[in-house]
Student: 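Shown below is the structure under consideration.
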Protein chains: 2
Amino acid sequence: MNIASILLVDDHPMLRKGVAQLISLEDNLNVMGEVGSGDEAITFAIEHAPDLVLLDLNMKGLSGIETLSALKRAKVNSKVVIFSVSDSESDVLQALKFNADGYLLKDSEPEELIEKINHALAGEFVISEPLTQILAKSLRPQSKINTFDSLTQREMENLKLIASGKSNKEIALKLGITEATVKVHNKNLFKKLGLKSRVEAAMLAVEHKVSF
Amino acid sequence: MNIASILLVDDHPMLRKGVAQLISLEDNLNVMGEVGSGDEAITFAIEHAPDLVLLDLNMKGLSGIETLSALKRAKVNSKVVIFSVSDSESDVLQALKFNADGYLLKDSEPEELIEKINHALAGEFVISEPLTQILAKSLRPQSKINTFDSLTQREMENLKLIASGKSNKEIALKLGITEATVKVHNKNLFKKLGLKSRVEAAMLAVEHKVSF
DNA sequence: CGTTAATTACCACTAAAGTAGTAGTTTGCT
DNA sequence: AGCAAACTACTACTTTAGTGGTAATTAACG
């Protein structure tokens with residue numbers, strides 16, 4: 001196996017040194033460069049095409065996510081693994097959304113870090129153990145389904161049909177009621193949920209993973 | 001710590017025995033019962049309220065998912081962990097959707113199984129290692145983003161704003177163009193994607209995880 | 001037996017959304 | 001230079017959506 005080149009991106013030089021040291025102990029890994037900002041990371045990555053970029057999330061200047069996004073847009077052929085202290089759901093999900101190749105926590109054990117980096121290099125998506133629950137949670141029906149508790153059956157049916165792209169006329173046909181009645185249900189459900197339009201209703205429905 | 005009671009649900013007696021044996025070796029775990037079908041599982045669970053149900057997915061009669069769904073509906077206060085050979089995305093996602101408390105693969109190492117069961121009992125969501133990638137994948141933007149390749153920049157912007165619930169007027173304001181122009185863009189993008197309304201556009205956008 | 005909530009339905013509008021066709025600019029490509 | 005694509009804008013409609021108010025029917029609750 002070849003030696004894999006790694007770019008460290010973090011605005012804390014101390015931490016960079018620590019990680020660099022750790023990585024340098026591995027025979028098959030090589031720290032190709034260290035930079036302290038997103039801008040530098042992008043420049044460096046485009047220039048040198050490292051096999052993997054270990055990217056801090058909370059940086060001054062360009063944020064980690066922005067950097068990630070820029071790297072992916074630039075079609076840099078490097079794996080990009082987020083390396084962060086944050087275990088917040090939104091951070092993890094954002095990273096996923098922008099196609100990070102992994103998300104590792106800074107408080108991981110050194111051995112775990114090395115292991116996961118190797119897996120990431122092999123093309124696997126890697127994520128620190130404690131985050132699996134977050135992933136799972138975000139895929140579940142939100143408990144916020146309570147939001148819909150105030151809706152009557154009919155209103156709920158309307159909501160689902162709206163979210164499946166149906167017009168009022170089609171809904172009326174499907175439910176065997178008049179379009180006027182459909183409008184009444186819509187009006188009421190909009191008011192209950194504080195919505196302005198059927199589009200908002202549809203989006204709310206998917207957010208809360210209403211099953212159609 | 002108390003001894004946790006476990007119900008095994010699997011239509012293969014041999015496998016049940018194997019797992020039962022494995023579990024019985026643990027001091028803090030106790031196999032409270034073994035059943036071979038979803039129906040029996042539901043009856044048993046309601047009757048005896050085990051701390052955890054280890055539930056096979058592919059059973060004759062009531063499927064594992066149906067059983068899971070029934071158990072959750074019945075508000076049985078047991079953790080339900082799926083125990084399956086299937087690592088297919090749809091199975092895992094379905095299990096999540098119906099609020100399984102975990103998803104473990106039958107080819108897990110015995111130690112891992114025991115460990116994960118304990119974690120599940122402690123309230124954690126558990127999942128076999130190889131499945132983390134599946135979870136991650138299903139959260140990512142589908143590669144189908146190609147669908148939107150035919151759209152121009154402006155059409156794309158319109159799409160995003162539509163999907164964020166904005167009206168044509170609001171879109172016009174935001175983009176600094178007239179409402180008439182917004183309608184033109186909408187018309188064109190609807191035609192390109194074969195859509196009938198902005199609601200369909202919005203739904204397509206979320207399906208493909210367009211970033212807003 | 002009242003009362004309330006849910007469902008249905010109409011009317012009368014106002015406001016959005018969507019469709020068709022025409023057309024002027026700019027930009028990039030040949 | 002010439003063409004195509006993208007972006008802009010307008011006119012003129014037609015269709016959907018959404019709001020407000022009124023009201024009858026039914027089922028559930030106390």
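All heavy atoms count here, side chains included; hydrogens, waters and symmetry mates do not.
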Student: Please give, in whole Å, the distance from C:dA15 C1' to B:Arg198 CZ?
Tutor: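 The distance from CZ of B:Arg198 to C1' of C:dA15 comes to 13 Å, rounded to the nearest Å.
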
Student: Of A:Lys191 and A:Ser167, whose closest DNA chain D nucleotide lies nearer the 5' terminus?
Tutor: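 Result of the comparison: A:Ser167.
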
Student: To the nearest 0.5 Å, what is the distance between CG (A:Leu71) and CD1 (A:Ile46)?
Tutor: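 One gets 7.5 Å once the value is rounded to the nearest 0.5 Å.
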
Student: Think A:Thr152 has a side-chain N or O under 4.0 angstrom from the OP1 or OP2 of C:dA6?
Tutor: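 No, A:Thr152 has no side-chain N/O under 4.0 Å of OP1/OP2 on C:dA6.
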
Student: Starting the side chain at C-beta, find the nucleotide from D:dA9, C:dT8, D:dT16 nearest to A:Thr181.
Tutor: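 The listed nucleotide nearest to A:Thr181's side chain is C:dT8.
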
Student: Can we say A:Glu124 and A:Lys116 salt-bridge, meaning some charged N sits less than 4.0 Å from an Asp/Glu carboxylate O?
Tutor: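 Salt bridge absent between A:Glu124 and A:Lys116.
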
Student: Starting at CD of A:Glu157 and ending at P of C:dA6, how long is that distance when rounded to a whole Å?
Tutor: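 Between P of C:dA6 and CD of A:Glu157: 14 Å.
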
Student: CG of B:Asn158 versus C1' of C:dA17: gap in Å, rounded?
Tutor: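 Taking atom C1' of C:dA17 as the reference, CG of B:Asn158 is at 13 Å.
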
Student: For A:Arg16 and A:Val31, run side-chain contact (heavy atoms from CB on, under 4.5 Å): C-alpha distance rounded to whole Å, both residues' side-chain angles, the deciding distance at 0.1 Å, then the answer.
Tutor: CA-CA 10 Å; A:Arg16 288 208 304 270; A:Val31 177; over 6 Å; no

Student: Tell me the interatomic distance from B:Lys183, atom NZ, to C:dA15, atom P, rounded to whole angstroms.
Tutor: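 B:Lys183 atom NZ is separated from C:dA15 atom P by 14 Å.
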
Student: Would you mind reading off the distance between A:Ile171 atom CD1 and D:dG18 atom C1', rounded to a whole angstrom?
Tutor: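 Atom-to-atom, A:Ile171 to D:dG18, this comes out as 13 Å.
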
Student: How many Å lie between CG on B:Asn168 and C1' on C:dT19, as a whole number?
Tutor: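 That distance rounds to 13 Å.
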
Student: Closer than 4.0 Å, any side-chain N/O of A:Thr178 to the OP1 or OP2 of C:dA9?
Tutor: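 Result: yes.
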
Student: Is the phosphate of C:dT8 approached by A:His185 (side-chain N or O, under 4.0 Å from OP1 or OP2)?
Tutor: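 Yes, such a contact exists.
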
Student: Taking atom types as modelled and ignoring hydrogens, do the side chains of B:Ser5 and B:Asn30 form a donor-acceptor contact shorter than 3.5 angstrom?
Tutor: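 There is no such pair (donor and acceptor under 3.5 Å, judged by atom type) between the side chains of B:Ser5 and B:Asn30.
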
Student: Please tell me which of the listed nucleotides, D:dT16, C:dA16, D:dT19, lies nearest to the side chain of A:Lys169?
Tutor: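 Comparing D:dT16, C:dA16, D:dT19 against the side chain of A:Lys169, the answer is D:dT16.
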
Student: Contact class for B:Glu155 (heavy atom, under 4.0 Å): base, sugar-phosphate, or nothing?
Tutor: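 No contact.
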
Student: On DNA chain C, check which nucleotide each of B:Val184 and B:Ser197 is closest to and give me the residue with the more 5' one.
Tutor: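 The residue closer to the strand's 5' end, by nearest nucleotide, is B:Ser197.
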
Student: Choosing from D:dG20, C:dA16, D:dA9, which nucleotide comes nearest the side chain of A:Lys187?
Tutor: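 That would be D:dG20.
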
Student: Round to a whole Å and report the spacing from CD of A:Glu179 to P of C:dC10.
Tutor: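 It works out to 11 Å between those atoms.
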
Student: What is the separation between atom NZ on B:Lys192 and atom C1' on C:dT19, rounded to the nearest whole Å?
Tutor: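 That distance rounds to 17 Å.
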
Student: One thing to verify: whether A:Lys106 and A:Asp56 come together as a salt bridge, which I'm taking to mean a side-chain N less than 4.0 angstrom from a carboxylate O.
Tutor: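 Judged by the 4.0 Å cut-off on N to carboxylate O distance, A:Asp56 and A:Lys106 do form a salt bridge.
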
